[in-house]
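Convention: sequence-line order gives letters A, B, ...; per-chain numbering from 1.
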2 protein chains.
Amino acid sequence: MSAKSRSVGAPAKGPEPLRRSKEAVKAASLAAAYELLTEAGLSGVSFDEVSRRSGVAKTTIYRYWPTRSALLFDAVMQFAPRLQTPNTGSLRGDLTALALGLAQRLQTGRWSSAMPSIIDAAERDKEVAEFQSRTHAGMMSGFSAIAARAQARGELGANFDVSELTAAIAGPLFYRRWFSRQELDDAFVRGVVERALGWDSSGHG
Amino acid sequence: MSAKSRSVGAPAKGPEPLRRSKEAVKAASLAAAYELLTEAGLSGVSFDEVSRRSGVAKTTIYRYWPTRSALLFDAVMQFAPRLQTPNTGSLRGDLTALALGLAQRLQTGRWSSAMPSIIDAAERDKEVAEFQSRTHAGMMSGFSAIAARAQARGELGANFDVSELTAAIAGPLFYRRWFSRQELDDAFVRGVVERALGWDSSGHG
DNA sequence: ACAAGTAGCTACTATATCGTAGCTTCAACA
DNA sequence: TGTTGAAGCTACGATATAGTAGCTACTTGT
């Protein structure tokens, strides 16, 4: 879809070789790799297939990424989502907005299709595991920011653990998306947030 | 480990062909397949490798499972865990016991290593997805049983959703095991249960 | 307009895997 | 004891992939 202007149909005959620039070629390769990752999983990403899809010659891809891991790494980095941190003025409002945004991405994004492959790879590869948890922490940093603001406003006690709050909210959403495969509607998301709030900041949150 | 008595070293020469029975051969194949699944992921399970590991001839494996999917399906079925449902007399006690058992399996079981591969496959294969959610529901049926007993005792209101409770408890545990890769100690597990309880059954639960 | 860099092509080796065929040999059972 | 079912072996052919080499021809920067 994105950058597949070149058809491989005409082998050294048609009058349209249509070469692309260095940057265009890199971008096309990464896009195809990520596309493949979401469609066919980690093992579905091969140099041959990336070449076929992007229209970039295999040898050219090898020029920029010597191994499959390098290519995949760059692809994932480039397309990793960043949740933007809302600022509504209250802890409850911020968390609800953040959770709804996360649920949105879980349901529609290509990212949520690629994620299980990465989790799977992390299970058996220490480097991938470290990369994954770091990337993941970055993606969830919104929770820390929100909690810090709430703490400054005095909405949260001192003996409070952001990572528990994150797990309490992100956990159920992830669970529904990948494990129980149930609906992730707004009512559920709001319920999750309410439950997570109803523990430390009892009254209003 | 389990059933690898036969070394492939001696090709039609040594005096120890050591043939096994039909059942033994099947069991060895399934065990090897599951072992490979946990060690190398879905794509690591090939007929050649299962044959190598189990010591069962590839042609023999083909006799019983015509496709890779069939072999994997049987292997997963055979080794899928069943959480036993505790009965302590109170909702809080039951949920705590169940959650602690789940956390235990998440940390030590081979099952938790194989799970991401299945989740990943389910992402792209409708049949796998259906199989996965059915199997998963079975594994989580303890929550329903516990909730039913609690409801009979009057510990839970009528407008109560078991699936939300399940997500509120299993979600954070899964999240820590696979996504944030943080510690899953008893304190965290108990905290998760308390938070899940502190919503419908306010006082004692 | 010219030179250098580089995208793209064909072709190759080596390996892993799928899936099948035909044969040999063991073990259980009548 | 003899028949028969089945495990195990070797050996195919076909396909997919990793990774490299050498060449052609286009693009970019001067």
Student: Whole angstrom is fine here: how far is it from CD in B/Glu23 over to P in C/dA28?
Tutor: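 It is 14 Å, rounded to the nearest whole Å.
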
Student: What are the residues of residues 37-46 of chain A, sorted by number, that bring a heavy atom to within less than 4.0 Å of DNA chain C?
Tutor: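 Those residues whose heavy atoms fall under 4.0 Å from DNA chain C, taken from residues 37-46 of chain A, amount to none.
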
Student: For the side chain of A/Arg68, starting at C-beta, report the closest nucleotide among D/dG8, D/dA18, C/dG8.
Tutor: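 The closest nucleotide is D/dA18.
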
Student: To check you understand the geometry: which heavy-atom pair defines the closest contact between A/Thr166 and A/Phe143, and what is its length?
Tutor: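 Taking every non-hydrogen atom into account, OG1-CB, 3.4 Å.
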
Student: So which one's nearest nucleotide on DNA chain D is more toward 5', B/Val56 or A/Ser21?
Tutor: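 Counting from the 5' end, the first nearest nucleotide belongs to B/Val56.
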
Student: Counting heavy atoms from C-beta on, name the nucleotide in D/dA18, C/dG8, D/dA7 closest to the side chain of B/Val25.
Tutor: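 From the listed options, D/dA7 comes nearest.
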
Student: If I take atom CD1 in residue A/Ile61 and atom P in nucleotide C/dA7, what distance separates them, rounded to the nearest angstrom?
Tutor: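 After rounding, the gap between these two atoms is 11 Å.
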
Student: How long is the line joining CZ of A/Arg63 and C1' of C/dT6, in whole Å?
Tutor: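 About 6 Å, once rounded to whole Å.
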
Student: Would you kindly give the CG-to-P distance between B/Leu36 and C/dA16, to the nearest whole Å?
Tutor: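 Going from B/Leu36 (CG) to C/dA16 (P), I get 15 Å.
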
Student: Looking only at atom types and distance, does a side-chain atom of B/Thr60 sit under 3.5 Å from a main-chain N or O of B/Val56, one as donor and one as acceptor?
Tutor: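 Not a single qualifying donor-acceptor pair exists.
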
Student: Return the nearest nucleotide to the side chain of A/Tyr62; candidates are D/dT10, C/dC18, D/dT20.
Tutor: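 Of the candidates, D/dT20 comes closest.
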
Student: Tell me the interatomic distance from A/Lys22, atom NZ, to D/dG29, atom P, rounded to whole angstroms.
Tutor: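 Those two atoms, NZ and P, are 10 Å apart.
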
Student: Output, in order, the C-alpha distance, side-chain angles, deciding distance and verdict of ring-ring contact (aromatic ring centres under 6.0 Å, His included) for A/Tyr175 and B/Tyr175.
Tutor: CA-CA 8 Å; A/Tyr175 177 81; B/Tyr175 177 82; over 10 Å; no

Student: Which nucleotide wins on minimum distance to the side chain of A/Thr60, given the candidates C/dA7, D/dA7, D/dG19?
Tutor: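 Between C/dA7, D/dA7, D/dG19, the one nearest the side chain of A/Thr60 would be C/dA7.
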
Student: Side chain of B/Thr59, heavy atoms from C-beta onward: which of D/dA21, D/dG8, D/dA7 has the nearest atom to it?
Tutor: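 The nucleotide sitting nearest to the side chain is D/dG8.
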
Student: Output the rounded distance in Å from CG (B/Leu71) to P (C/dT17).
Tutor: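 The answer, rounded to whole Å, is 14 Å.
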
Student: Would you say CD of B/Gln107 has more than 12 non-hydrogen atoms from neighbouring residues, nucleotides or ligands within 6.0 angstrom?
Tutor: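 Atom CD in B/Gln107 is crowded, with more than 12 foreign heavy atoms closer than 6.0 Å.
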
Student: Can you tell me the distance, in whole Å, between the CZ atom of A/Phe47 and the P atom of C/dA16?
Tutor: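 Rounding to the nearest Å, CZ of A/Phe47 and P of C/dA16 are 18 Å apart.
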
Student: If you measure from the Lys or Arg side-chain nitrogens to the Asp or Glu carboxylate oxygens, is any gap between B/Arg195 and A/Glu164 under 4.0 Å?
Tutor: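 Judged by the 4.0 Å cut-off on N to carboxylate O distance, B/Arg195 and A/Glu164 do form a salt bridge.
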
Student: Starting from P on C/dT17, measure out to NZ on B/Lys58 and report it in whole angstrom.
Tutor: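 Rounded to the whole Å, the gap is 10 Å.
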
